[in-house]
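Here the structure is a predicted model, which means the values were calculated and not measured. Side chains are part of it too, since the values below use all heavy atoms of this structure and drop only hydrogens, waters and symmetry mates.
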Amino acid sequence: MTHDMTNQDVTLYQRDPKYIPRIAAVHDMCGYGKCSLTAAIPILSAAGCDVCPVPTALFSAHTRYRVFTMHDTTEILNDYLDAWQQEHVDLDGVYSGFLGSADQVAIIKRLYREYPHALRLVDPVMGDGGEMYPTYTEQLCRAMGELVDGADVLMPNLTEASILTGRDYPGQNLDDKQVDDMLDALLALGAKNVVLKGIDRGDGTLRNYVASASTGAAGKQELVHDKLPYMTHGTGDAYASALCGAIMAGLGLAESARIAGEFVRHAMIHTADQPHHEERGVNFELDLGDLTGLVRR
């Protein structure tokens with residue numbers, strides 16, 4: 001379901017149908033469990049993007065598992081990007097997510113300096129359900145906030161929005177005034193566009209909201225999706241990746257948010273049929289064709 005889809009939708013990327021845009025995906029890599037790069041690479045590729053990974057950490061499995069190993073890659077990343085510069089790598093977008101350390105914010109800012117024309121697509125991955133992820137610290141969360149100013153698209157959930165704006169976590173049941181206040185607070189931090197995810201008013205639906213600095217929360221657009229009776233790990237990363245893929249396909253931001261929400265809902269339906277899905281997380285493989293269709297229509 002969708003509401004308020006009007007001609008005020010903003011298009012951030014003009015897609016040349018013959019050109020495949022290049023996106024630096026600055027995320028961690030998990031060996032087991034679908035999230036971060038194991039979501040970004042296939043989802044953006046399906047949407048017709050050339051994904052250039054910048055791995056911020058290597059995990060044996062995602063952090064929902066009781067046992068996992070983590071290797072912080074910060075020390076290799078400047079050499080990594082030096083090599084890109086020597087080979088004249090060009091980028092059309094920088095899509096950032098989970099960071100391994102506060103120092104990695106400088107790596108993303110370097111990408112912004114070296115590719116000033118690239119879209120800044122920021123998923124400020126820090127936590128969910130009112131709690132920070134296990135590997136995150138207050139220092140890392142403060143550093144993540146430095147990416148908000150100038151972001152072409154900021155995609156927080158309510159936990160992350162609360163951290164960025166210095167507010168107490170309000171839960172998921174926000175009324176319209178609370179949504180407006182949160183959107184305006186995020187825009188005031190310098191984001192050009194915000195997609196606020198995960199409002200749940202207990203009516204069997206989930207709501208996401210899109211707002212732009214040009215119109216503020218008063219011009220927000222609401223996207224309403226049927227809620228499934230279970231949650232799945234990794235849906236935030238799948239949503240953000242699908243959102244970025246639709247944006248890079250040349251679609252409007254609100255339309256991209258609608259597509260991403262439905263992509264995740266369909267993936268969750270298929271996920272429920274998979275073994276150990278409660279721990280392993282979302283499976284979207286059977287739904288990737290929906291994203292390929294965006295650039296073929």
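Each of Val224 and Met182 belongs to its own hydrophobic cluster when Ile, Leu, Val, Met, Phe, Trp and Tyr are linked at side-chain heavy-atom distances under 4.5 angstrom. Hydrophobic clustering (side-chain heavy atoms under 4.5 Å, transitive across Ile, Leu, Val, Met, Phe, Trp, Tyr) groups Val264 together with Tyr230. Linking ILVMFWY residues whenever their side-chain heavy atoms come closer than 4.5 Å, directly or via other members, places Leu189 and Leu158 in the same cluster. No path of Ile, Leu, Val, Met, Phe, Trp and Tyr side chains, each step under 4.5 Å between heavy atoms, connects Leu243 with Leu183, placing them in separate hydrophobic clusters. Hydrophobic cluster membership differs between Val122 and Tyr239, with clusters built from Ile, Leu, Val, Met, Phe, Trp and Tyr side chains linked at under 4.5 angstrom.
The CD1 atom of Ile20 lies 12.0 Å from the CE atom of Met248; values are rounded to the nearest 0.5 Å. Annotation: the span from Met144 atom CE to Arg142 atom CZ amounts to 13.5 Å, rounded to 0.5 Å. A distance of 9.0 Å separates CG in Leu111 from CG in Leu77, rounded to the nearest 0.5 Å. Here the CG atom belonging to Leu99 is positioned 9.5 Å from the CE atom belonging to Met126, to the nearest 0.5 angstrom. In this structure, CD1 in Ile23 is found 8.0 Å from SG in Cys52, a value given to the nearest 0.5 Å. With rounding to the nearest 0.5 Å, the separation of CG in Asp123 from OG in Ser36 is 9.0 Å.
For the pair Lys34 and Phe284, the minimum side-chain heavy-atom distance is below 4.5 Å. Taking the side chain as every heavy atom from C-beta outward, Pro124 and Leu164 approach each other to under 4.5 Å. Between Gln86 and Val89 the shortest side-chain heavy-atom distance does not fall below 4.5 Å. Side-chain contact check for Arg280 versus Gln274: every heavy-atom pair is 4.5 Å or farther apart. Annotation: side chain of Val26 is in contact with side chain of Thr56 (closest heavy-atom distance under 4.5 Å). Side-chain contact between Phe68 and Thr63: present, with at least one pair of heavy atoms (C-beta onward) separated by less than 4.5 Å. At least one side-chain heavy atom of Arg167 sits less than 4.5 Å from a side-chain heavy atom of Asp181. The shortest side-chain heavy-atom distance between Tyr80 and Ile107 does not fall under the 4.5 Å cut-off.
With 3.5 Å as the limit, one finds no donor-acceptor pair spanning the side chains of Arg258 and Ser256. No hydrogens or angles considered: a donor-acceptor pair under 3.5 Å links the side chains of Asp287 and His270. Looking only at atom types and distance, the side chain of Ser101 has no donor-acceptor partner in the side chain of Asp103 under 3.5 Å away. Under 3.5 Å, the side chains of Asp72 and Gln104 contain a donor-acceptor pair of N or O atoms. Using modelled atom types and a 3.5 Å distance limit, the side chains of Tyr133 and Asp128 yield no donor-acceptor pair. Judged purely by distance below 3.5 Å, without hydrogens or angles, the side chains of Asn283 and Thr271 never pair a donor atom with an acceptor atom.
Side chain of Ser241 to backbone of Ala238: no donor-acceptor contact under 3.5 angstrom is found. At least one donor-acceptor pair under 3.5 Å links the side chain of Gln172 to the backbone N or O of Gly198. Under a 3.5 Å cut-off, the side chain of Glu262 and the backbone N or O of Ile259 do not form any donor-acceptor pair. For Arg207 (side chain) and Asp200 (main-chain N/O), no donor-acceptor pair under 3.5 Å exists by modelled atom type. When atom types are taken as modelled, the side chain of Ser60 and the backbone of Thr69 share a donor-acceptor pair closer than 3.5 angstrom.
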**Q.** Step-by-step side chain to side chain donor-acceptor pair (under 3.5 Å) determination, Gln85 to Glu114
**A.** CA-CA 9 Å; Gln85 283 296 303; Glu114 292 176 348; 3.3 Å; yes
Q: Just do the side-chain contact (heavy atoms from CB on, under 4.5 Å) check on His225 and Thr205 with the steps written out, would you?
A: CA-CA 5 Å; His225 303 275; Thr205 66; over 6 Å; no
Q | CA sep, side-chain torsions, deciding dist, call: Asp92, Tyr115, side chain to side chain donor-acceptor pair (under 3.5 Å) | A | CA-CA 8 Å; Asp92 301 287; Tyr115 304 96; over 6 Å; no
**Q.** Residues His233, Glu279; criterion side-chain contact (heavy atoms from CB on, under 4.5 Å); working and verdict
**A.** CA-CA 7 Å; His233 182 73; Glu279 300 86 15; over 6 Å; no
Q | side-chain contact (heavy atoms from CB on, under 4.5 Å) assessment of Asp28 paired with Leu58 | A | CA-CA 6 Å; Asp28 68 286; Leu58 301 177; over 6 Å; no
Q. After noting the C-alpha distance and the side-chain angles of Leu253 and Val195, does the key distance pass the side-chain contact (heavy atoms from CB on, under 4.5 Å) rule?
A. CA-CA 9 Å; Leu253 182 56; Val195 179; 4.1 Å; yes
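By the 4.0 Å N-to-carboxylate-O rule, Arg120 lies too far from Asp152 to be salt-bridged with it. Using a 4.0 Å cut-off between a side-chain N of Lys or Arg and a carboxylate O of Asp or Glu, Asp90 and Arg22 do not qualify as a salt bridge.
More than 12 heavy atoms of other residues, nucleotides or ligands shown are found within 6.0 angstrom of CD on Glu285. Residue Asp175 qualifies as enclosed at atom CG: its count of foreign heavy atoms under 6.0 Å is above 12. Other residues, nucleotides and ligands place more than 12 heavy atoms under 6.0 Å from the CD1 atom of Ile269. Heavy-atom neighbours of His117 NE2 from other residues, nucleotides or ligands within 6.0 Å: above the threshold of 12. Few gaps surround CZ on Arg15; more than 12 heavy atoms of other groups in view lie less than 6.0 Å from it.
When the options Phe98, Tyr32, Tyr65 are evaluated for a ring-ring contact (aromatic ring centres under 6.0 Å, His included) with Phe59, the one that passes is Phe98. For the side chain to side chain donor-acceptor pair (under 3.5 Å) with Lys220, the qualifying choice from Asp176, Thr215, Asp180, Asp184 is Asp180, the only one to do so.
Across all non-hydrogen atoms, the minimal contact from Gly252 to Thr11 is CA-OG1, 3.9 Å. Nearest approach of Thr135 to Leu140, heavy atoms of both residues: O-CD2, 4.3 Å. The shortest heavy-atom contact between Gly33 and Thr38 is O-OG1, 3.4 Å. Ala151 approaches Leu147 most closely through the heavy-atom pair CB-O, 3.7 Å. When all heavy atoms of Trp84 and Leu91 are compared, the pair lying nearest together is CZ3-CD1, 4.1 Å. Pairing each heavy atom of Ser212 with each of Val10, the nearest pair is OG-CG1, 3.9 Å.
Taking the six-membered ring for Trp, Tyr95 and His27 have ring centres closer than 6.0 Å.
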